[in-house]
Amino acid sequence: MRLAADTVLPPSIGRPAYDRERQAAGIVHIGIGAFHRAHQAVYTDDAMGAGDRDWGIVGVSLRSGDVAAQLNPQGGLYTVATRSVAGSSLRVIGAVQQVLVASEDPQAVIDAIAAPATHIVSFTVTEKGYLRAADGSLDIDAARASASLYRFVGAALAARCAAGLPGLTLLSCDNLANNGAVLRRLMREYLAAEHRDIVDWFDGECRCPATMIDRIVPATTEADRAAIEGELGVRDEGAVVTEGFSQWVIEDDFAGPRPRWEAVGAELVADVAPYETAKLRMLNGAHSALAYIGLGKGHEFVHQAIADPAIRPLIETLMRDEAAPTIDAEPGQDLAAYADALLERFANPALHHRLIQIAMDGSQKIPQRWLETLAWHQRRGGRCPSLGVAVDAWIAFLQGGEHPVDDPLADRLRAAAAAPDARQALFGPDGVLASEWRPD
Ligand code: CS2
């Protein structure tokens, strides 16, 4: 028996507090992985529970049919399991209505985005999904290929413009620095190449707010599904597991209507940058360091690595002395308290967050997580000993061969890491990840 609309759930399990059948879809979300299901979809479910209407989500997978096969037979329903030292709680989320697979039915994706009821297209396509070339511009050949977000959004925007429909808000929910501005620039480059006649309309009618998204969501395992089945009484193939903490800071710059996410815990602000920079350099910077240093020392999970007395002080220094001073905090943004809270979140033993999951796609993550901090201190004549250890741990990871290097630049990274001066080959002026930072 699979989870379904008519499943009788134990009373302790939360469920949608609104009539799912009567909601139009106002959001198309591209990249419907575990993170979206544990984050934006939960805020949206809460907003509809608090009385907002017509913010159902049509999820899109660009390539794989896996999530569609998990959610569609369940009418879009799935469980979020929240795990902390205090225990676990389950809740069934109803915001997702269906999942489309772009590689199987591209026109359905374009139609969903072009539908009059759609106001927001949001994205969690991971850092590499933005298809940036080495100089940061759009890799237009990749963007023209079948599994690119740009093709679907571009075609749908052209259809909306032709039909006289309003523009859309394109909401990037990925861990990129200035994610809104980056998406706007790349989308514009694509339109200038493929739909030149709607560039002015895009500039005038569409918005790309920046966001800071934060919730730790390990990949769901078979053991998680089995444990959740035990509690639910039915099988849920789409279940996700996460921590209690959740944060979403959104630049208040929308093209049209939006859910009242601020009524259910999101923060709508004028400038996301201080939150986004703190999150990328402190949380994600520490995460990537934990991944490479931790794997090098034989750990499997984040909570094990942060408990290692040889690692924890490095992570504290990285956050407090290296990353935090580079951030222009907002009044009331307490970076010392933020570091304390992060250490506690990393230590959560109830979340089995695999280091190898974080180690993936290092080339796409390290620039905004480490290199900007390193460059900031170098400009001031300072040094970052902990980030230095992390850089060496990444090089050892690339050289090691013990763990697969899952990265779009894997071949180039492995070759650079094997060079006589790996730091220069990776980070020097002609290196794979050349940046302002000059390694010594
Ligand atoms: C992690 C992030 O996998 C990774 O690279 O650092 O997914 C992290 O868990 C989230 O950004 C937390 O909000």
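First listed ligand is number 1; within each ligand, the first listed atom is number 1.
- Of the possible polar contacts, none joining the N72 side chain to the A69 backbone as a donor-acceptor pair under 3.5 Å is found.
- For atom 1 (C) of ligand 1, the choice among Q364, Q247, H287 with the nearest heavy atom turns out to be H287.
- Figure legend: cation-pi geometry between R144 and Y150 absent, as NZ or CZ is not positioned both under 6.0 Å from the six-membered ring centre and within 45° of its axis.
- For a threshold of 3.5 Å applied to N or O pairs, the pair formed by H353 and ligand 1 contains no separation below that value.
- Here's the thing with R369: one of its N/O atoms is less than 3.5 angstrom from an N/O atom of ligand 1.
- When hydrogens are left out, the protein atom nearest atom 11 (O) of ligand 1 is K279 NZ, 2.6 Å; that is the closest non-hydrogen contact.
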Under the criterion side chain to side chain contact (heavy atoms under 4.5 Å, CB included), I'd like the reasoning laid out for D236 against Q74: C-alpha separation, chi angles, the key distance, then a yes or no.
CA-CA 8 Å; D236 177 1; Q74 302 178 178; 2.9 Å; yes
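- In this structure, atom 2 (C) of ligand 1 lies nearest to the protein heavy atom N284 ND2, 3.6 Å.
- In this structure, a donor-acceptor pair under 3.5 Å is absent between the side chains of H303 and N348.
- Scanning the protein heavy atoms around atom 7 (O) of ligand 1, the nearest turns out to be N175 ND2, 4.4 Å.
- Here the protein heavy atom with the shortest distance to atom 5 (O) of ligand 1 is K365 NZ, 2.8 Å.
- Scanning all protein heavy atoms for the shortest distance to atom 13 (O) of ligand 1 gives D214 OD1, 2.6 Å.
- Electrostatic pairing of E436 and R379 counts as a salt bridge here, judged by a charged N lying under 4.0 Å from a carboxylate O.
- For the pair R53 and W55, the cation-pi test (distance below 6.0 Å, angle within 45°) is failed.
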